[in-house]
S.K.: 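Sharing a structure here in structure tokens format.
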There are 2 protein chains.
Amino acid sequence: MDQNKIPQATAKRLPLYYRFLNNLQHQGKTRVSSKELSDAVKVDSATIRRDFSYFGALGKKGYGYNVEYLLGFFRKTLDQDELTEVALIGVGNLGTAFLNYNFVKNNNTKIVMAFDTDPEKVGTEIGGIPIYHIDDLEGKISGVKVAILTIPASEADSVTDRLVTKGISGILNFTPARITVPEHVRVHHIDLAVELQALVYFLKHYPLD
Amino acid sequence: MDQNKIPQATAKRLPLYYRFLNNLQHQGKTRVSSKELSDAVKVDSATIRRDFSYFGALGKKGYGYNVEYLLGFFRKTLDQDELTEVALIGVGNLGTAFLNYNFVKNNNTKIVMAFDTDPEKVGTEIGGIPIYHIDDLEGKISGVKVAILTIPASEADSVTDRLVTKGISGILNFTPARITVPEHVRVHHIDLAVELQALVYFLKHYPLD
DNA sequence: TATAAGTCGTGATTAATTTCACAATTAAGT
DNA sequence: ACTTAATTGTGAAATTAATCACGACTTATA
Ligand SMILES: NC(=O)c1ccc[n+]([C@@H]2O[C@H](COP(=O)([O-])OP(=O)(O)OC[C@H]3O[C@@H](n4cnc5c(N)ncnc54)[C@H](O)[C@@H]3O)[C@@H](O)[C@H]2O)c1
Ligand SMILES: NC(=O)c1ccc[n+]([C@@H]2O[C@H](COP(=O)([O-])OP(=O)(O)OC[C@H]3O[C@@H](n4cnc5c(N)ncnc54)[C@H](O)[C@@H]3O)[C@@H](O)[C@H]2O)c1
């Protein structure tokens with residue numbers, strides 16, 4: 001697969017760059033400098049140039065970057081033309097918000113099915129996405145490689161095991177539980193309560209200037 | 001203020017440690033080793049020991065850490081006894097989810113008011129929290145230092161300016177907009193679409209073993 | 001054509017973070 | 001009391017990421 005040489009910190013910024021380049025193109029801009037990008041996405045311009053340079057020389061000295069070219073390049077790099085199907089597990093407060101939103105705007109990702117235990121939800125649709133009973137997970141989820149976990153923390157381990165057994169590759173975990181998975185499965189934790197507490201901690205202990 | 005010496009990476013993990021120590025205490029455990037903590041929170045045990053060491057020698061060699069002592073220490077460090085009031089701006093899909101949840105479980109934080117433009121929402125309550133019209137922001141928000149932003153991206157800049165004018169210190173920004181703020185204001189971006197895309201990118205380009 | 005202003009790509013440097021690895025210490029068992 | 005197993009705290013090394021700073025090149029303009 002491609003280059004493993006790209007630093008993880010860079011990889012995490014790529015979708016951000018891509019989205020902003022899309023905006024630029026919609027605005028009809030044809031060229032952009034690392035300085036302009038920097039102001040917009042709040043990443044140091046040297047870091048942006050360095051990030052881009054891992055993919056080769058994408059810009060022109062004294063000129064900047066051609067928006068269309070750069071966008072096309074990132075479209076390929078980020079596999080924007082392939083759709084990655086996603087399953088959502090747990091149609092509660094957060095899950096419902098994600099179903100309604102469904103990451104339509106920019107993405108190469110789409111939630112295609114959801115699961116819950118609540119008989120009132122099972123059998124209905126939200127945003128056109130069917131909600132199945134979690135007991136039907138094994139029958140329905142084949143082929144889907146990515147799951148979003150928005151169930152109670154107490155359910156996280158057992159549901160994760162079932163997802164892993166069905167061959168899931170990646171999990172975006174919103175529960176506070178730090179789930180255990182085999183090595184070949186990638187988990188990204190998004191822990192909203194921790195994020196809020198961390199912000200508060202920084203405010204109190206890291207006064208800004 | 002305390003020590004600025006604590007690395008930011010460490011500071012971000014503190015709420016996580018705290019929550020897990022709480023769980024341990026509820027389970028009646030009185031001692032814990034960095035290895036056990038490591039298994040639970042998925043952070044290398046050496047990193048945990050290093051993190052703790054910034055606060056002094058909190059454990060005992062050959063024994064581990066006393067749960068009650070450690071918990072008490074972090075309670076103070078994380079200001080768990082002071083309540084930080086939070087305002088939520090934008091009661092849509094995400095905002096409603098946050099209001100219902102309200103970070104009650106562990107936290108020293110509480111959403112105390114919400115704002116929206118939608119006349120159907122203004123004047124109602126969700127989870128006991130009143131929803132005001134955004135036009136009343138300036139009159140109502142005094143004293144609140146932290147805001148959660150869950151409005152459309154197009155509104156992010158103008159609302160941010162108003163928050164800054166009213167003296168906000170920290171913003172948890174869920175919009176895709178990279179907002180501009182003065183130096184003394186801290187913004188944490190949580191960009192869910194980017195998180196999902198980054199996960200997908202890692203799956204395709206960083207095969208795990 | 002010459003000049004000035006702008007901007008990239010990158011070597012070198014610095015900073016931040018993680019991990020290794022082990023002496024020192026403790027607890028527990030015999 | 002002695003031995004064994006466990007576990008911390010931390011210096012040193014390794015890894016990862018961010019930033020500086022400048023030569024080389026591009027464009028625009030006179
Ligand atoms: N809502 C928030 O703002 C918020 C913030 C931080 C963290 N979280 C975490 O996100 C997760 C979801 O939060 P929420 O507020 O949406 O909770 P919720 O209780 O509203 O929703 C959970 C949903 O999962 C379903 N469910 C329960 N067990 C299930 C199972 N075994 N299989 C499938 N579905 C199952 C429930 O029926 C419910 O619909 C929780 O772990 C919570 O701690 C939520
Ligand atoms: N819902 C998701 O899953 C999701 C995922 C990723 C990012 N986001 C981002 O989070 C933000 C909120 O998403 P959402 O799905 O909740 O959107 P939404 O449209 O459901 O909610 C936005 C709410 O903000 C209110 N609003 C509009 N202008 C306002 C203003 N000036 N002041 C106060 N309130 C105002 C609207 O009335 C609405 O209730 C968006 O920026 C979105 O891009 C959402």
Side-chain angles (χ1 to χ4, degrees), chain A residues 3-14 16-17 20-21 24 29-71 73-74 77 178 183 189 198 201-202 205-206, chain B residues 3-14 16-17 20-21 24 29-71 73-74 178 189 198 201-202 205-206:
Chain A
Q3 284 109 297
N4 262 30
K5 293 170 297 192
I6 288 140
Q8 302 222 354
T10 295
K12 287 193 192 156
R13 285 187 288 263
L14 297 181
L16 183 60
Y17 297 147
F20 187 71
L21 288 169
L24 281 185
K29 288 209 55 157
T30 60
R31 67 183 262 195
V32 66
S33 70
S34 60
K35 180 64 172 54
E36 283 174 277
L37 272 168
S38 172
D39 291 343
V41 301
K42 315 292 180 200
V43 172
D44 185 89
S45 68
T47 300
I48 292 177
R49 292 200 300 282
R50 173 80 61 198
D51 283 347
F52 288 2
S53 78
Y54 292 116
F55 299 97
L58 302 178
K60 269 197 276 195
K61 295 177 179 181
Y63 173 85
Y65 300 90
N66 179 290
V67 172
E68 199 178 331
Y69 176 77
L70 203 53
L71 193 59
F73 184 84
F74 279 121
T77 302
R178 251 44 186 183
E183 276 197 344
H189 295 277
Y201 181 82
F202 276 107
H205 297 85
Y206 294 69
Chain B
Q3 283 112 296
N4 263 29
K5 294 169 297 191
I6 288 140
Q8 302 221 356
T10 296
K12 287 192 193 156
R13 285 187 290 263
L14 297 182
L16 183 60
Y17 297 147
F20 187 70
L21 288 169
L24 281 184
K29 289 208 51 156
T30 59
R31 68 184 261 194
V32 66
S33 70
S34 61
K35 180 63 174 55
E36 283 174 277
L37 271 169
S38 173
D39 292 342
V41 300
K42 315 294 179 195
V43 171
D44 186 271
S45 67
T47 300
I48 292 177
R49 292 199 301 281
R50 174 79 60 194
D51 283 347
F52 288 2
S53 78
Y54 292 115
F55 299 97
L58 302 178
K60 270 198 274 194
K61 294 178 181 181
Y63 173 85
Y65 300 90
N66 179 290
V67 172
E68 198 177 331
Y69 177 76
L70 202 53
L71 192 60
F73 184 85
F74 279 121
R178 253 40 189 187
H189 295 277
Y201 181 82
F202 276 108
H205 298 84
Y206 293 70

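These numbers come from the heavy atoms of this one structure, side chains and all, not from hydrogens, waters or symmetry mates. Lettering follows sequence order; numbering is per chain, from 1.
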S.K.: Counting only heavy atoms not in A:Lys42 (residues, nucleotides, ligands), do more than 12 fall under 6.0 Å from its NZ?
M.R.: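 Result for NZ/A:Lys42: enclosed.
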S.K.: How would nucleotides 25-30 of chain C be written as a contact map, 5' to 3', with B for base contact, S for sugar-phosphate-only contact and - for no contact, using protein heavy atoms under 4.0 Å?
M.R.: BBS---
S.K.: Could you check whether the rings of A:Phe74 and A:Tyr17 sit parallel, tilted or perpendicular, using 30° and 60° as the cut-offs?
M.R.: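 Tilted: the ring planes of A:Phe74 and A:Tyr17 meet at 30° to 60°.
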S.K.: Rounded to whole Å, please give me the gap between CG in A:Asn66 and P in C:dC8.
M.R.: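 The answer, rounded to whole Å, is 13 Å.
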S.K.: Output the rounded distance in Å from CG (A:Leu70) to P (C:dT7).
M.R.: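 So the CG-P distance, A:Leu70 to C:dT7, works out to 15 Å.
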S.K.: Restricting to non-hydrogen atoms, name the atom on B:Val67 and the atom on B:Leu21 that form the minimum distance, rounded to 0.1 Å.
M.R.: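 Scanning both residues, the minimum pair turns out to be CG1-O, 4.0 Å.
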S.K.: Return the value, rounded to whole Å, for the distance between atom NZ of B:Lys42 and atom C1' of C:dT18.
M.R.: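 Distance check: B:Lys42 NZ to C:dT18 C1' gives 19 Å.
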S.K.: Can you tell me the distance, in whole Å, between the CZ atom of B:Arg49 and the P atom of C:dA21?
M.R.: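 After rounding, the gap between these two atoms is 13 Å.
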S.K.: Specify whether A:His205 and A:Tyr201 have parallel, tilted or perpendicular ring planes, treating 30° as the upper limit for parallel and 60° as the lower limit for perpendicular.
M.R.: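 Aromatic pair A:His205/A:Tyr201 classed parallel.
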S.K.: Could you tell me whether the side chain of A:Arg31 and the main chain of A:Tyr63 form a donor-acceptor pair under 3.5 Å?
M.R.: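 Checked: pair present.
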S.K.: Hey, could you give me the OG/CD1 distance between A:Ser33 and A:Ile48, rounded to the nearest 0.5 Å?
M.R.: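 Here the rounded value is 9.0 Å.
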S.K.: What's the closest nucleotide to the side chain of B:Thr47 if the choices are C:dT18, C:dC20, C:dC8?
M.R.: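 Looking only at heavy atoms from C-beta outward on B:Thr47, the closest nucleotide is C:dT18.
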S.K.: Looking for any heavy atom pair under 4.0 Å, which part of the strands does A:Ser34 touch: base, sugar-phosphate only, or nothing?
M.R.: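 Here A:Ser34 touches the backbone only, sparing every base.
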S.K.: Please find the pair of heavy atoms, one from B:Ser45 and one from B:Ser34, that lie closest to each other, and give the distance.
M.R.: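 Scanning both residues, the minimum pair turns out to be CB-O, 3.6 Å.
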S.K.: From the 5' end of DNA chain D to its 3' end, which nucleotides mark the outer limits of contact with chain B, defined by a 4.0 Å heavy-atom distance cut-off (strictly under)?
M.R.: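 Endpoints of the contacted stretch of DNA chain D: D:dA6 to D:dA12.
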S.K.: What is the separation between atom NZ on B:Lys5 and atom P on C:dA15, rounded to the nearest whole Å?
M.R.: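 Atom-to-atom, B:Lys5 to C:dA15, this comes out as 19 Å.
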S.K.: Any non-hydrogen side-chain atom of A:Arg13 less than 4.5 Å from a side-chain atom of A:Thr47?
M.R.: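 Of all side-chain heavy-atom pairs linking A:Thr47 with A:Arg13, at least one is under 4.5 Å.
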S.K.: Give the rounded distance in Å between these two atoms: CG of A:Asp44 and C1' of C:dA15.
M.R.: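 Atom CG in A:Asp44 sits about 13 Å away from atom C1' in C:dA15.
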S.K.: Can you work out whether B:Arg50 or B:Glu36 has the more 5'-proximal nearest nucleotide on DNA chain D?
M.R.: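 The residue whose closest nucleotide sits nearer the 5' end is B:Glu36.
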S.K.: To the nearest Å, give me how far apart NZ (B:Lys12) and C1' (C:dT17) are.
M.R.: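 For the pair B:Lys12 NZ and C:dT17 C1', the rounded distance is 12 Å.
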S.K.: How many Å lie between CD on A:Gln8 and P on C:dT17, as a whole number?
M.R.: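 It is 16 Å, rounded to the nearest whole Å.
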S.K.: What class does the angle between the rings of B:Tyr65 and B:Phe52 fall in, given that below 30° is parallel, 30 to 60° is tilted and above 60° is perpendicular?
M.R.: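 Perpendicular.
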S.K.: Have a look at A:Phe52 and say if it touches a base, only the backbone sugar-phosphate, or nothing, with a 4.0 Å heavy-atom cut-off.
M.R.: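 No contact.
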